[in-house]
There are 2 protein chains.
Amino acid sequence: MDAKTVCLAVLSQGEASGYEIRKSVEEGPFGHIQDIGFSSIYPALSRLREDGLVSVTELTQEGRPDKKIYRLTSDGRLSLLNALKDPTESDRVRSDFLFRMLFADILPPSIIDSMIDARMDEIQTRLTRLDARAARGFESIGEEFVNGFAATVQRAMAVYIEENRHQLVAAALAPSRAVAE
Amino acid sequence: MDAKTVCLAVLSQGEASGYEIRKSVEEGPFGHIQDIGFSSIYPALSRLREDGLVSVTELTQEGRPDKKIYRLTSDGRLSLLNALKDPTESDRVRSDFLFRMLFADILPPSIIDSMIDARMDEIQTRLTRLDARAARGFESIGEEFVNGFAATVQRAMAVYIEENRHQLVAAALAPSRAVAE
DNA sequence: AACAATATATATCATATTGATATAATACTA
DNA sequence: TAGTATTATATCAATATGATATATATTGTT
């Protein structure tokens, strides 16, 4: 999903500023499926406004920078629905962790080990967040489905890593492959 | 991992042209963890050559465009090892599929259903590829670990989707949420 | 109380990545 | 024989990313 659609999606759940869109994507149900930074959000919102898909209200605040509150227009709502109906692209994963694991037999075992530890910590943190969200309840079936999906995947990863990590570290201790020729 | 490191990583397994690097990333063990297109590869290779991390041999071919064969230099090999030792960034997933599932209750059930079918097909295709690779045997422990990891995750996804899809479609049939105000 | 860090808020810049398109010949398929 | 796939490199426009700038209030630490 491109930045514009992500903004529309967040705004479909209520008006928000650019800053709030960022927070919402980071902390909300989009958290594990999307990333978005300010440098994507602000240009996207400008384009959406030009195209009449969102409207803006400037809010003067004391003590804080002024806020620009964006709201979906009816065109925007329609445009979101159409985008959601488009056929989905394949999921993409980019894993720094797995990339390195491919080279486990040419890296020092201590590094492999600490990378695995770090990864397990991350998985635990994510699971804690997902469980906390589940405990708070969901706003829609979709949110529940996605939360459960993410939790299932994280758990499967954790089990697999724990069951297979020793082989990786053992290989790192007894290297068998050179870094090409 | 940036395009330069990906190129170095592929070249660590033997010399290759830009075209071959692409194929190798798409079909090889990097397949489910990295994406890379020509428009990233060619500039990356130029930079690597400027920096002395790869060397080039031009190969004139009849019938085909000339080939530029890239080879790691010893600086390049060192640079790759250093990059691999750097701490890993968090894994990133971007899922068009899950993004849409979040809006299951405002989309037509037939669309939800066919998106789920398409996703299941994709998972099956990936699993077939991963199993085929496993049957051919692995070149390193790392490759085996990553292949098993990917297969485990795909299987967990398939099970979860099959067990929960009916709820999503049911929700789509009986919408309960509006597209905001 | 002083100081550092975090949260609120928008914006821009350089760099990196992506998707589309150009070019060109062979090999395979319907 | 027409169309598509494969081999091969390259560039361009549109996006996306990461870093940095700016400014103040609140919260946390020593």
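Note on naming: letters A, B, ... go to the chains in the order of the sequence lines (proteins, then strands), and numbering restarts at 1 for each one.
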note: A/Tyr19, atom OH; D/dA25, atom P; distance rounded to Å ~ 16 Å

Separation of atom NZ in B/Lys67 from atom P in D/dT9, rounded to whole Å:
8 Å

How would you label the contact of A/Arg22 with the nucleic acid (heavy atoms, under 4.0 Å): base, sugar-phosphate, or nothing?
nothing

May I ask you to verify if any side-chain N or O of A/Lys23 is less than 4.0 angstrom from the OP1 or OP2 atom of C/dA7?
no

Working to the nearest 0.5 Å, report the span between CD of A/Glu144 and CG of B/Leu168.
9.5 Å

D/dA19 C1' sits how many Å from B/Glu89 CD, rounded?
14 Å

Position toward the 5' end of DNA chain D (nearest nucleotide), B/Ser39 or A/Ala3
B/Ser39

Do the side-chain N or O atoms of A/Arg94 get closer than 4.0 angstrom to the phosphate oxygens (OP1, OP2) of D/dT17?
no

Hydrophobic clustering (ILVMFWY, side-chain heavy atoms < 4.5 Å, transitive) - are A/Tyr160 and A/Ile123 grouped together?
yes

Rounding to a whole Å, what distance do you find between B/Asp35:CG and D/dT17:P?
14 Å

With under 30° as parallel and over 60° as perpendicular, where do the rings of B/Phe103 and B/Phe99 fit, or are they tilted in between?
tilted

Considering every strand and a 4.0 Å limit on heavy-atom distances, what is the contact class for A/Gly18: base, sugar-phosphate, or nothing?
sugar-phosphate

Spell out, yes or no, whether B/Leu48 and B/Ile36 are grouped together once hydrophobic residues are joined by side-chain heavy atoms under 4.5 Å, including indirect joins.
yes

Would you mind reading off the distance between A/Ile21 atom CD1 and D/dA16 atom P, rounded to a whole angstrom?
14 Å

Which one, C/dT8, D/dT15, C/dT17, comes nearest to the side chain of A/Arg47?
D/dT15

Is it the case that A/Arg49 places NZ or CZ above or below the six-membered ring of A/Tyr70, under 6.0 angstrom from the centre and within 45 degrees of the axis?
no

Separation of D/dA23 P from A/Phe38 CZ (nearest whole Å):
18 Å

B/Arg92 side chain, from C-beta outward: closest of C/dT18, C/dT17, D/dG18
D/dG18

Does B/Tyr42 have a side-chain nitrogen or oxygen under 4.0 Å from the phosphate oxygens OP1 or OP2 of D/dA10?
no

Taken to the nearest whole Å, CD1/A/Ile36 to P/D/dT15 is 13 Å

Go nucleotide by nucleotide along DNA chain D from the 5' end; which of B/Glu20 and B/Pro43 gets its closest nucleotide reached first?
B/Glu20

In this structure, how many angstroms lie between the C1' atom of D/dT17 and the CG atom of A/Asp96, rounded?
15 Å

